[in-house]
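Per chain, numbering begins at 1; letters A, B, ... match sequence-line order.
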Amino acid sequence: MRLTLFIHKDTIEIGRPLQDAIIHNFGTLDIQIVETLKELKMTLKRMHYTNLEEIIILFLDNRTRLAEMNSISNLLEGTRLIIILPDKSKETISLALSFYPRFFTQISQSYYELCEILKKMVEKPINS
Amino acid sequence: MQKKTSKILIVDDDTMICELLVERFQMMGYEALSAQSLKEGIDAASSEDFDVVFLDVNLPDGNGLAYIDKFAEKRSNPEIIIMTGEGDPDGAELAMQANVWDYIIKRGSQKNIKLSLSRAMEYRRQKLASIGKKEYKRTAIIGESKKIKTCIDTAAKASKTDISILITGETGTGKELFAKSIHDNSRRHENDFVVVDCAALPEHLVESVLFGHSKGAFTSADSDKDGLIRIADRGTLFLDEVGELPMTIQKKFLRALQEKRIRPVGSKKEIPCDFRLVAATHRDLTAMVKKGAFREDLYYRIASLELEIPPLRERQADIPLLAIHCINNESEILGQATHEMSGEFMEQLMRFNWPGNIRELFNALYSACSQALGEEYLFPNHLPSNIRAFNIKAKINESRSGSMAQQRQTGQILKFKDQMERMKFEYVTHLLSTAHGDIKKALTLSGLSRSHLYRLMQQYDISIT
């Protein structure tokens, strides 16, 4: 099982609480942190070659970065995806839903709910 | 414009029955033809478009029940009415599971036969009329087998209404894909499709995630938050693995489904919520209801319509199409030239039983494509070894059960020389299966020289497939 965490290099500081929460709760797993869209693309392509179960966590601090995910929507298809969104607006959520995430939440200081859900996802294999 | 006359085919070896029915149906204004064997019937259905096929069960060249799919898959996709000389409850059940229109006793009342035909024709008229109206967008649902077409028909019907639908099927069969297509073809397609992975929700968070919460409702609730049901307002809520919903939440969810109102955790106000429910599970919910693990009232509410997706092994005819789709998609994503599949490769795909269904098939194809990087063709050795091993074992078991069973059955003993030949064949196939098709390993295990092994393989026509 591998967790791939996308936190863009320009948002390392805002993304720090998330990174810390993931490492604190899932330090025993293989955690990969990618900082650019290009690296994320390569990671997603590489997933096709391995039989590893992976969960992708996208930290998207603004609507533009969320919209950029459209360019890799075909690579995100079928993945177990969690998205952290910049806000709760209907437009932002609708855009996020177009990637069919297993869970989404907003940027915050604590990621308790996300970590609890991630723990369950890590325990269970892929279903339908 | 001249109205097309509906055509009926009667497949029965009893010529008197055929003549009687042909005459009756012609008097009703239909064109009617008969065939006295399955082969004649299949040939007729291949060359002409029939609307209804009356298919006898006991025919000289086979059992009609086993040929239902072959008739149904013809271009005109006729309605099938099974005829039998005697009532057979098991046969009737088989026929209904195969989705035939009706099951009648041929020497029964003529009125019943005419009624069954009239209803089949009316159903067909309505079906053909609705096909013309708007084609169902299949998105990524690949397949032309009768079973998958039946699923698509059900999904198309579901997309025209707002009733709850329960999609069942083994893991990896594409339940979410069908759920998405129902949404995409529904009146709600411009609104959100919200996926809820019920298996991923810890019990202490399910209520808050589904129904939302108000600020301060519990320790970590630092602001108001909409639940997923609210987010699915005017759209579709897809509850994946609905069998994992805790009993404590099932009651509250049932109420939300019935009254279209929800109350977030910690809130005094109810919020209206208009969502369409699509649920999916690989579990047997009726068994769970019996055990008391799932509410019966909720089950009947979510399963107003049920869609069962067959496992891949029951729709093998779709494997080539699925494989082509996957490989083309893969090459597009990776920016590489498309691989061609060799005949032996396809044979491997068709032979394997795919317990993980389409997901497993696609993973195997991704793996094969990565093994074959830079090569034009995909061969069996590009496939994961577990698939090749399974197929070789299956082949051995087939040949073993064939020959030994035959000998026991007939009481015959082969000549010593022939028996030795057979044992050598079984040894070589077993060796290659154990070595997972790896020649080097096979040589180590057996102690044979490379040339000797290849000679034996050639002699007994054994390939690494």
Side-chain angles (χ1 to χ4, degrees), chain A residues 21 41-42 44-55 72-83 85 87-128, chain B residues 140 167 169-180 191-205 208-209 219-226 228 231-233 235 238 240-241 244 280-282 309 329-330 332-335 356 359 362-363 365-367 369-371 373 384:
Chain A
K41 239 189 215 176
M42 275 169 47
L44 292 170
K45 283 186 181 180
R46 212 168 34 235
M47 272 169 68
H48 283 241
Y49 297 135
T50 66
N51 267 328
L52 257 185
E53 281 225 27
E54 294 213 40
I55 298 173
I72 54 166
S73 61
N74 57 348
L75 289 169
L76 290 170
E77 210 175 290
T79 59
R80 299 171 89 193
L81 187 62
I82 293 178
I83 306 180
L85 298 169
D87 57 70
K88 288 193 265 194
S89 72
K90 187 157 169 50
E91 295 72 24
T92 298
I93 290 176
S94 285
L95 190 45
L97 288 172
S98 68
F99 302 111
Y100 308 109
R102 302 299 97 177
F103 180 70
F104 60 89
T105 186
Q106 283 71 41
I107 294 173
S108 79
Q109 289 303 307
S110 138
Y111 291 96
Y112 169 75
E113 215 175 47
L114 184 154
C115 289
E116 290 296 292
I117 285 168
L118 198 45
K119 277 176 194 163
K120 266 217 112 180
M121 285 174 72
V122 162
E123 279 165 28
K124 295 239 174 195
I126 289 175
N127 285 315
S128 52
Chain B
I167 303 175
E170 290 178 10
T171 303
T173 47
K175 297 189 284 296
E176 184 168 335
L177 210 55
F178 268 89
K180 282 180 202 168
N191 297 314
D192 291 326
F193 176 81
V194 181
V195 177
V196 182
D197 184 353
C198 297
L201 299 179
E203 193 160 340
H204 62 286
L205 289 178
S208 155
V209 168
T219 318
S220 55
D222 44 19
S223 62
D224 288 352
K225 189 174 179 181
D226 281 341
L228 296 177
I231 289 169
D233 187 35
F238 173 53
D240 195 9
E241 290 312 326
E244 302 290 326
T281 183
H282 73 281
I309 303 179
N329 208 36
E330 180 73 350
E332 201 183 302
I333 284 173
L334 300 178
R359 185 178 292 122
F362 282 14
N363 284 341
L365 290 168
Y366 296 148
S367 173
C369 289
S370 74
Q371 292 291 319
L373 216 52

Q: Looking only at heavy atoms, what is the nearest atom pair of B/Lys225 and A/Phe103, with distance?
A: NZ-CZ, 4.5 Å

Q: So what's closer than 4.5 Å to chain A heavy atoms on B/Glu244: side chain, backbone, both or neither?
A: side chain

Q: Do you know the tightest heavy-atom contact between A/Pro101 and B/Val195?
A: O-CB, 4.0 Å

Q: Is it the backbone or the side chain of A/Ser110 that comes under 4.5 Å from a heavy atom of chain B, or both, or neither?
A: neither

Q: Using a strict threshold of under 4.0 Å (side-chain N to carboxylate O), is an ion pair present between B/Glu176 and A/Arg102?
A: yes

Q: Tell me whether B/Asp197 is salt-bridged to A/Lys120, with the criterion being a basic N under 4.0 Å from an acidic carboxylate O.
A: no

Q: What part of B/Leu205 lies closer than 4.5 angstrom to a heavy atom of chain A: side chain, backbone, both or neither?
A: side chain

Q: Side chain from CB out, backbone as N, CA, C, O: work out which of these in B/Leu365 comes under 4.5 Å of a heavy atom of chain A, or both, or neither.
A: neither

Q: To the nearest 0.5 Å, what is the distance between NZ (A/Lys90) and CG (B/Asp233)?
A: 7.5 Å

Q: Nearest 0.5 Å, please: how far is CD in B/Glu203 from CD in A/Glu116?
A: 13.0 Å

Q: Which atoms of B/Glu332 come close to chain A, meaning under 4.5 Å heavy atom to heavy atom: side chain ones, backbone ones, both, or neither?
A: neither

Q: Mind checking whether B/Ser208 and A/Glu113 have side chains closer than 4.5 Å, heavy atoms only?
A: yes

Q: Please classify the contact of A/Ile117 with chain B as side chain, backbone, both or neither, using a heavy-atom distance under 4.5 Å.
A: both

Q: Yes or no on side-chain contact (heavy atoms from CB on, under 4.5 Å) for B/Ile231 and A/Leu97, after CA distance, side-chain angles and deciding distance?
A: CA-CA 10 Å; B/Ile231 289 169; A/Leu97 288 172; 3.8 Å; yes

Q: Identify which part of B/Ile167 has an atom lying under 4.5 Å from any heavy atom of chain A, answering side chain, backbone, both or neither.
A: neither

Q: Please answer whether the main-chain N or O of B/Asp224 pairs with a side-chain N or O of A/Lys88 as donor and acceptor at a distance below 3.5 Å.
A: yes

Q: Which word best sums up how the rings of A/Tyr100 and B/Phe193 line up, parallel for under 30°, tilted for 30 to 60°, or perpendicular for over 60°?
A: perpendicular

